[in-house]
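We name chains A, B, ... by the order of the sequence lines, and we start the count at 1 in each one. All values reported here derive from a predicted model rather than from experimental measurement.
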Amino acid sequence: MTAKRWFQTTAIDYPNSRPHIGTAFEKLGADVQARYRRMDGYDVFFLMGNDENTVKVSKRAAELGQDTQAYCDDMARQFQEVWKALDISYDVFIQTSSERHKQCCRKFIQRVYDNGSIYKGEYGGWYCEGCEEFKSDKDHKEHSGLCPNHKTPLVRRSEPCYFFKLSAFQDRLLKFYEENPDFIQPESRRNEIVSLIKTEGLRDVNISRQGEQWGIPIPFDPEFTIYVWFDALLTYITGIGYGDDAELFAKYWPANTHYIGKDITRFHTALWPAMLWAAGEKAPEKVFAHGFVYRKNESTGDVEKIGKALGNVVEPMEVISKFSADAFRYYFLRECPYPSDGEFSWGRFADVYNSELANNLGNLLSRAITIPAKNYDRVLDGTAQRTPDAAVPGLNLTNFVAELRTHIEACRYNVALQMIVQDFLTPTNQYLETNAPWKLVKTDKDAAKKVMFSAIQSLRIASILLKPFIPRSAEAIYTSFNFPKSWGDVSYDDAAELKAQPDDLRVTAELVDGKVKPLFPRIA
RNA sequence: CGCGGCGUGGAGCAGCCCGGUUAGCUCGCCAGGCUCAUAACCUGGAGGUCGUAGGUUCAAAUCCUACCGCCGCAACCA
């Protein structure tokens with residue numbers, strides 16, 4: 001019984017440098033979706049990986065005097081170390097240099113060849129004899145026909161190669177976009193691709209390289225290797241058993257969503273479906289192109305693209321080790337809209353962290369734990385079997401959760417988090433302020449108890465709503481009290497109603513001298 | 001005329017598609033309250049000719065036109 005399955009992927013990364021915060025942003029957004037779907041009972045398969053069969057990678061390894069495979073394996077280890085530190089809940093991590101991937105690739109390309117969508121031709125381009133490689137038309141234009149490295153004239157050169165008949169799929173693609181308006185998300189990206197294809201059209205693409213040692217040899221002509229893009233996209237199906245596990249493949253394909261960066265939208269929305277069709281497979285259901293994270297230069301105020309050239313790379317580990325994985329997750333998910341672009345600066349990071357995580361959420365938890373601990377010896381007796389009053393009475397919880405779901409499913413994580421904070425957590429703090437249980441307890445201990453019972457119910461709901469975003473902290477909140485349902489089983493629907501529980505509500509959090517350890521210590 | 005996005009109080013954003021109460025939110029700033037809590041929390045306040053110029057309309061941040069400025073993509077930069 002697999003009523004609901006959910007197969008999602010992120011783009012696979014070039015391992016020629018360690019992941020930076022922009023790379024992590026993509027994985028984060030995908031991870032929230034995976035966690036959210038799991039809470040909803042989906043059988044989730046989340047695939048990630050590294051794209052290793054490129055000349056750049058073998059060159060980088062050579063620079064370091066390392067064996068290419070050993071270099072790739074080490075980078076794969078380092079990437080996964082970062083993803084694990086960020087609590088990215090992937091199920092499988094594919095290295096394209098793995099033998100399994102290569103074998104499945106060969107099967108795929110052979111099938112496309114047999115189906116007549118690959119032909120041999122000549123590729124012409126601007127070649128630098130010093131670099132021994134082709135330069136792009138852009139390089140040619142920008143450097144007035146000279147090699148950017150050698151400053152020598154580029155020469156026109158052509159060599160035999162294999163082309164994929166992408167142009168043959170143009171009409172089918174346009175029709176597909178029309179019939180599946182959600183295929184490319186967000187909408188702005190869809191418009192971009194559609195107009196691009198309509199105005200410029202699609203050309204056949206060179207999918208081979210000649211005379212390379214590193215890469216996957218083409219089965220029907222081993223003199224050539226498969227061009228990285230053709231091979232990289234195939235990760236999405238070789239990772240779920242294409243070519244060697246028909247059952248697994250049938251279960252998960254077509255993918256529900258590919259999460260990618262906006263720069264590679266055309267590969268995923270034009271080349272990829274066409275490749276699949278050429279091999280007799282279905283296109284994926286959706287491609288979500290997220291925005292980029294830029295770096296705000298704190299001294300000049302300029303917004304810069306992240307890159308080694310500018311020396312402004314921030315590594316995820318730098319943030320994680322200084323603060324926490326959840327702090328990292330929260331900042332990017334709350335501050336940077338996934339469908340468009342966002343910015344990072346340490347100053348802004350501290351602002352968001354302090355105001356929302358420390359002051360609003362963290363402090364609320366501290367208040368909710370300390371008052372029962374001090375005045376009721378941790379136990380709110382008489383609350384068993386009773387349904388608490390709403391701490392946020394004006395809010396229709398059912399509608400609220402439904403609206404949050406809509407935002408999460410559309411990857412508007414920033415909007416969802418804003419709603420949780422502004423429409424739920426802040427009002428809960430206001431509720432405490434209005435009812436002042438610390439004062440009320442002196443005159444009416446039972447009334448004060450009811451207030452706390454309601455406030456703590458808000459924390460139960462908030463922790464569930466926050467679970468996909470900041471899993472560890474959400475768990476810490478939930479397990480600070482004896483809520484009956486086990487943390488692993490909670491779903492978003494559990495947040496949609498105020499719930500009674502069999503036992504009296506009790507504070508189970510660990511206390512030191514009657515105090516809780518702050519969930520998010522303020523950044524000074 | 002390559003494609004796309006953006007320009008709203010000091011900073012960051014929402015609102016615009018489907019024009020109409022005192023233009024909303026977060027941070028910062030100022031004043032007050034509270035003291036359970038992580039110098040946290042709550043209330044109030046100052047601060048905006050909604051890029052510019054026209055147009056449509058009883059009415060425009062919201063629709064139309066032109067212009068200015070910033071940014072991204074342009075088929076191996078997440």
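Picking from B:rG4, B:rC27, B:rA78 the nucleotide with the shortest atom distance to the side chain of A:E192 gives B:rG4. Proximity note for A:D351 (side chain, C-beta onward) versus B:rC76, B:rC27, B:rC13: the nearest is B:rC27. In this structure, the nucleotide among B:rC25, B:rA78, B:rC76 sitting nearest to the side chain of A:F267 is B:rC76.
Within the 4.0 angstrom heavy-atom criterion, no nucleotide atom of any strand lies near A:G342. At a threshold of 4.0 angstrom between heavy atoms, the contacts of A:T426 are confined to the sugar-phosphate backbone, with no base atom among them. In this structure, A:R209 reaches the bases: a heavy-atom distance under 4.0 Å links it to at least one base atom across the strands shown. As judged by a 4.0 angstrom heavy-atom cut-off over every strand, A:V293 is placed among the base-contacting residues.
One can place CG of A:N53 at 14 Å from C1' of B:rC76, the figure rounded to the nearest angstrom. Rounded to whole angstrom, the span from the CD1 atom of A:I207 across to the P atom of B:rC76 amounts to 13 Å. The interatomic distance linking A:Y353 (OH) with B:rG12 (P) rounds to 25 Å, in whole Å. Per the geometry, CE belonging to A:M419 stands 21 Å off P belonging to B:rC13, to the nearest Å. Whole-Å rounding puts the A:E335 CD to B:rA14 P distance at 11 Å.
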Next on the checklist: If you apply the rule ring pair (Phe, Tyr, Trp, His ring centres under 6.0 Å), what do you find for A:Y236 with A:H268, and how did you get there?
Outcome noted: CA-CA 11 Å; A:Y236 303 143; A:H268 284 77; 5.6 Å; yes

Item to check | side-chain hydrogen bond (donor to acceptor under 3.5 Å, both in side chains) assessment of A:H407 paired with A:N414 | outcome: CA-CA 9 Å; A:H407 290 308; A:N414 60 320; over 6 Å; no

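For the pair A:Q422 and B:rA14, the criterion of a side-chain N or O lying under 4.0 Å from OP1 or OP2 is not met.
The P atoms of B:rU62 and B:rG20 are separated by 11 Å, rounded to the nearest whole Å.
For A:E63, the CD atom sits in a packed shell: over 12 heavy atoms of surrounding residues, nucleotides or ligands are nearer than 6.0 Å. More than 12 heavy atoms of other residues, nucleotides or ligands lie within 6.0 Å of CD in A:E318, so this atom counts as buried by the packing criterion.
Residue-to-nucleotide proximity on RNA chain B shows that, of A:V228 and A:N191, the 5′-proximal contact is made by A:N191. Between A:W229 and A:S195, it is A:S195 whose nearest contact on RNA chain B lies nearer the 5' terminus.
In this structure, A:K322 fails the cation-pi test against A:F349, since its NZ or CZ atom is not both closer than 6.0 Å to the six-membered ring centre and inside 45 degrees of the ring normal. Annotation: cation-pi geometry satisfied between A:K262 and A:F292 (NZ/CZ under 6.0 angstrom from ring centroid, within 45° of ring axis). Within the cation-pi definition used here (under 6.0 Å to the ring centroid, within 45° of the axis), A:K165 does not qualify as a partner of A:W277.
RNA chain B is contacted by A:Y14, A:H20, A:G22, A:E26 of residues 11-28 of chain A, taking any non-hydrogen atom closer than 4.0 Å.
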Quick test: give all pairs of protein nitrogen or oxygen and nucleotides 34-38 of chain B nitrogen or oxygen below 3.5 Å, distance rounded to 0.1 Å.
| unit_1 | atom_1 | unit_2 | atom_2 | d |
| --- | --- | --- | --- | --- |
| B:rC36 | O3' | A:K374 | NZ | 3.3 |
| B:rC36 | O2 | A:R367 | NE | 3.2 |
| B:rC36 | N3 | A:R367 | NE | 3.3 |
| B:rC36 | N3 | A:R367 | NH2 | 2.7 |
| B:rC36 | N4 | A:R367 | NH2 | 3.0 |
| B:rA37 | OP1 | A:K374 | NZ | 2.6 |
| B:rA37 | O2' | A:N363 | OD1 | 2.4 |
| B:rA37 | N1 | A:R367 | NH2 | 3.4 |
| B:rA37 | N3 | A:N363 | ND2 | 3.3 |
| B:rA37 | N3 | A:R367 | NE | 3.0 |
| B:rU38 | OP1 | A:K515 | NZ | 3.3 |
| B:rU38 | OP2 | A:K515 | NZ | 2.8 |
| B:rU38 | O2 | A:F520 | O | 3.2 |
| B:rU38 | O2 | A:R522 | N | 3.2 |
| B:rU38 | N3 | A:F520 | O | 2.8 |
| B:rU38 | O4 | A:G362 | O | 3.2 |
| B:rU38 | O4 | A:N363 | N | 3.4 |
| B:rU38 | O4 | A:L519 | N | 3.4 |
| B:rU38 | O4 | A:F520 | N | 3.3 |

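A distance of 10.5 Å separates OH of A:Y119 from CZ of A:F164, quoted to the nearest 0.5 Å.
Only one option out of A:E356, A:E343, A:E335 pairs with A:R348 in a salt bridge (charged side-chain N to carboxylate O under 4.0 Å, His left out); it is A:E335.
Between A:D182 and A:K286 there is no salt bridge, since no side-chain nitrogen of the basic residue lies less than 4.0 Å from a carboxylate oxygen of the acidic one.
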